[in-house]
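What follows is a set of notes on a single structure, which appears directly below.
Numbering of ligands and ligand atoms starts at 1, following listing order. Heavy atoms only: backbone and side chains are in, while hydrogens, waters and symmetry mates are out.
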Amino acid sequence: MQALILAGGKGTRLRPLTVYTPKPIVPVLNRPFLLYQIEILRRAGVKDITLSLNYQPDKIEQQLGDGASYGVNLRYITEPSPMGTGGAYKYAAAIRETTVVFNGDVLTDLDVSKVIGFHEQKKADATIVLTPVENPSAYGLVETETDGRVRRFLEKPKPEELADLTTNNINAGIYILEPGVLDLIPEGENTSFEYNVFPDLLKLQKEFFAFVMKGNYWRDIGTPTSYLQTHHDFLSGQIKNFEIEKSAEADVATTAIVDKNSILGAGCVVKPNARITNSVIGAGVHIEEKAVVENSVVWAHTRISSQAQIRDAIVGRSCHIGRNSSVGSESVLGDKTSLTDYTKV
Ligand code: GDD
Ligand code: MG
């Protein structure tokens, strides 16, 4: 059993955060995002993991290396140009082996070994993991039969298509595929799992089953709102199965307030009377006198000057927030943004 993580998208919806940091390694609680996926694969005993890359592959490889520090073997494959999700799977297939495929932007604490057990028990050609969501229109909607077979796969349904649907279970972006699926994908062509391969599996009446998640956390982190919400979900204890590294070696003034939810990266400096609540602060961030950071994520090496206020926002790496500035709800500042004193955004 091997794994393939599809991590070649440009992360357009997360811009400007993804201009210098490709989506698979945006920090979540100060750790590169893919480490959460690597962790649940490792727990299920899947240690040979290929990362299928296209956008800024070198940065990803530099960060994660050969995987030895995380107890896995990482292999990197870079497509000459984006091949689509199915095309990337075909392009990466060095050996014909059962493969766990992950979309590289879903955060979940799913027990992957349960899905593997289900796939084997059903003797499936393909198993897709589903999760219920409130608004399925932004995802791949999946209807199933009572025995768990997939009946219909509808990617990004239009409003008129949603009307007669009987489910809000969506494709969670996690599959187990037998190597026979490779034979349905043309060589060297841009092919999508969602628009081509899954509908083909149904047409050809392959053994295509759905495993419905129950009681697990699941989220696609691919938009700023969702990325920020992921942090809040972690800080409020809704995501339980990962160890959270609490604050390390920060220099916090005695009159500064850092609430117990917040996390500070190594080498942060927090000056007198600054206040940090419900926030995640990257390594080497300086927060000066009387500055306020609330419900926000601040990436490494940013400086927040005195009396500045950051609320419900995401601030990229190496930014400079001038004195008395205020960064408001849902703002997303890209790396190296510089705000002069008294700016309001
Ligand atoms: N290597 C490679 N090559 N990876 C790709 C390519 C490609 O050409 N295109 C997309 N990817 C990767 C992205 O990096 C991402 O990790 C994953 O495939 C899914 O792409 P998204 O662009 O994030 O798709 P989505 O979120 O709109 O929809 C997909 O995910 C939903 C769950 O979050 C679909 O699979 C939906 O059916 C699903 O519900
Ligand atoms: Mg996505």
Side-chain angles (χ1 to χ4, degrees), residues 3-15 17-18 21-26 28 32-34 36-38 49-57 59-61 75-93 99-108 110 126 128-143 150 152-157 161-162 165 167-175 177 185 188-199 201 208 210-213 216-227 229-230:
L4 174 71
I5 301 182
L6 298 170
K10 282 212 172 81
T12 321
R13 286 164 291 184
L14 258 188
R15 277 189 198 148
L17 297 170
T18 44
T21 309
K23 181 164 70 167
I25 53 167
V26 295
V28 169
F33 173 71
L34 279 187
Y36 296 91
Q37 297 198 338
I38 289 171
I49 304 173
T50 300
L51 304 187
S52 166
L53 308 178
N54 187 255
Y55 179 67
Q56 302 188 351
K59 286 193 183 161
I60 299 177
E61 189 164 352
R75 187 172 75 106
Y76 298 86
I77 289 201
T78 302
E79 300 151 337
S81 62
M83 304 290 291
T85 47
Y89 165 60
K90 177 93 174 180
Y91 188 78
T99 304
V100 183
V101 179
F102 263 65
N103 280 353
D105 61 354
V106 295
L107 177 66
T108 178
L110 176 73
I128 181 169
V129 177
L130 310 186
T131 186
V133 292
E134 263 166 38
N135 175 11
S137 60
Y139 303 99
L141 214 105
V142 186
E143 289 184 332
V150 175
R152 191 144 84 115
F153 189 99
L154 199 55
E155 182 66 13
K156 315 257 157 62
E161 289 174 313
L162 278 170
L165 282 169
T167 177
N168 59 351
N169 279 340
I170 58 123
N171 168 18
I174 299 166
Y175 326 117
L177 306 177
I185 303 175
E189 276 179 38
N190 189 303
T191 308
S192 151
F193 276 129
E194 296 83 349
Y195 290 103
N196 311 114
V197 182
F198 297 151
L201 286 171
F208 186 15
F211 175 98
V212 184
M213 267 193 217
N216 285 105
Y217 183 85
W218 183 89
R219 183 181 287 282
D220 179 331
I221 62 140
T223 63
T225 310
S226 187
Y227 173 75
Q229 189 58 45
T230 300

Of all heavy-atom pairs linking Pro224 and Leu14, the shortest is N-CD2, 3.5 Å
protein heavy-atom neighbour closest to atom 24 (O) of ligand 1 works out as Arg13 NH2, 4.0 Å
Going by the 4.0 angstrom heavy-atom rule, the piece of Lys10 near ligand 1 is neither
Item to check | Arg13-Thr223 side chain donor-acceptor pair, cut-off 3.5 Å | outcome: no
Side-chain touch Arg15/Lys10, heavy atoms, less than 4.5 angstrom:
yes
Residues Val26 and Thr18: closest non-hydrogen pair is CG1-CG2, 4.3 Å
Within the 4.0 Å heavy-atom cut-off, what Ser52 brings close to ligand 1 is both
Contact region, Ala138 to ligand 1, non-hydrogen atoms below 4.0 Å, reads neither
So the atoms of ligand 1 within less than 4.0 Å of a heavy atom of Ala88 turn out to be 1 (N), 2 (C), 3 (N)
* Expected output: side-chain Asn168 to main-chain Val133 donor-acceptor under 3.5 Å -> yes
At under 4.0 Å between heavy atoms, what of Trp218 touches ligand 1? The answer is side chain
Test of ring centre spacing under 6.0 Å for Tyr89 and Tyr175 | no
When distances are taken from atom 14 (O) of ligand 1, the protein heavy atom at minimum range is Gly9 N, 2.7 Å
So for Tyr175 against ligand 1, with non-hydrogen atoms under 4.0 Å, the contacting part is side chain
_Any heavy-atom pair between the side chains of Met213 and Val129 that's under 4.5 Å?_
yes
Do Glu194 and Ser192 pair up side chain to side chain, a donor and an acceptor below 3.5 Å, judged on atom types alone? yes
Ligand 1 to Gly173 polar contact by distance, N or O atoms, under 3.5 Å: no
When every non-hydrogen atom of Leu34 is compared with those of Gly104, the smallest separation belongs to CD2-O, 3.9 Å
Lys156 to ligand 1: N or O pair under 3.5 Å?
-> yes
One finds that the ligand 1 atoms under 4.0 Å from a non-hydrogen atom of Gly104 are 16 (O)
Honestly, for Asn171 the part within reach of ligand 1 (heavy atoms, under 4.0 Å) is both
Answer key: the N, O or S atom of Asp220 nearest to the Mg ion (ligand 2) is OD2
Check your understanding: Where the side chain of Asn190 meets the backbone of Pro82, is there a donor-acceptor pair that is under 3.5 Å apart?
Key -> yes
For this session: May I ask you to decide if Val28's main-chain N or O and Tyr36's side chain share a donor-acceptor pair within less than 3.5 Å?
Result: yes
- Task: Mark the output for Gly222 as yes if a heavy-atom distance to ligand 1 is under 4.0 Å, and as no if none is.
- Result: no
One finds that the ligand 1 atoms under 4.0 Å from a non-hydrogen atom of Val106 are 33 (O)
Between the CD1 atom in Ile170 and the CD1 atom in Ile128, the distance rounded to the nearest 0.5 Å is 9.0 Å
So CG of Leu51 and CZ of Arg75: to nearest 0.5 Å the spacing works out to 9.5 Å
Note: ligand 1 atoms sitting under 4.0 Å from heavy atoms of Glu194 are 34 (C), 35 (O), 37 (O)
For Pro82, the atoms of ligand 1 under 4.0 Å from one of its heavy atoms are 8 (O)
To the nearest 0.5 Å, atom CD1 of Ile60 lies from atom CG of Asn54 at 9.5 Å
Atoms of ligand 1 under 4.0 Å from any heavy atom of Met83, numbered from 1 in the order shown, are 8 (O)
For Lys23, the atoms of ligand 1 under 4.0 Å from one of its heavy atoms are 23 (O)
To atom 10 (C) of ligand 1, the nearest of Thr85, Leu130, Val101 on a heavy-atom basis is Thr85
**Item:** Test item: Thr85 side-chain N/O and Phe193 main-chain N/O as donor-acceptor pair under 3.5 Å
**Value:** yes
Please determine if Gly140 has a nitrogen or oxygen closer than 3.5 Å to a nitrogen or oxygen of ligand 1. yes
For Glu79, the ligand 1 atoms with a heavy-atom partner under 4.0 Å come out as 1 (N), 2 (C), 3 (N)
Inset, instruction - Before signing off on this row, confirm whether Gly84 and ligand 1 have an N or O atom pair separated by under 3.5 Å. - result: yes
Heavy-atom proximity to atom 29 (C) of ligand 1 ranks first, among Asn190, Ile128, Asn103, for Asn103
| query | Within a distance of under 4.0 Å, is there any protein heavy atom near atom 3 (N) of ligand 1? | reply | yes
In Asp105, the N/O/S atom nearest the Mg ion (ligand 2) carries the name OD2
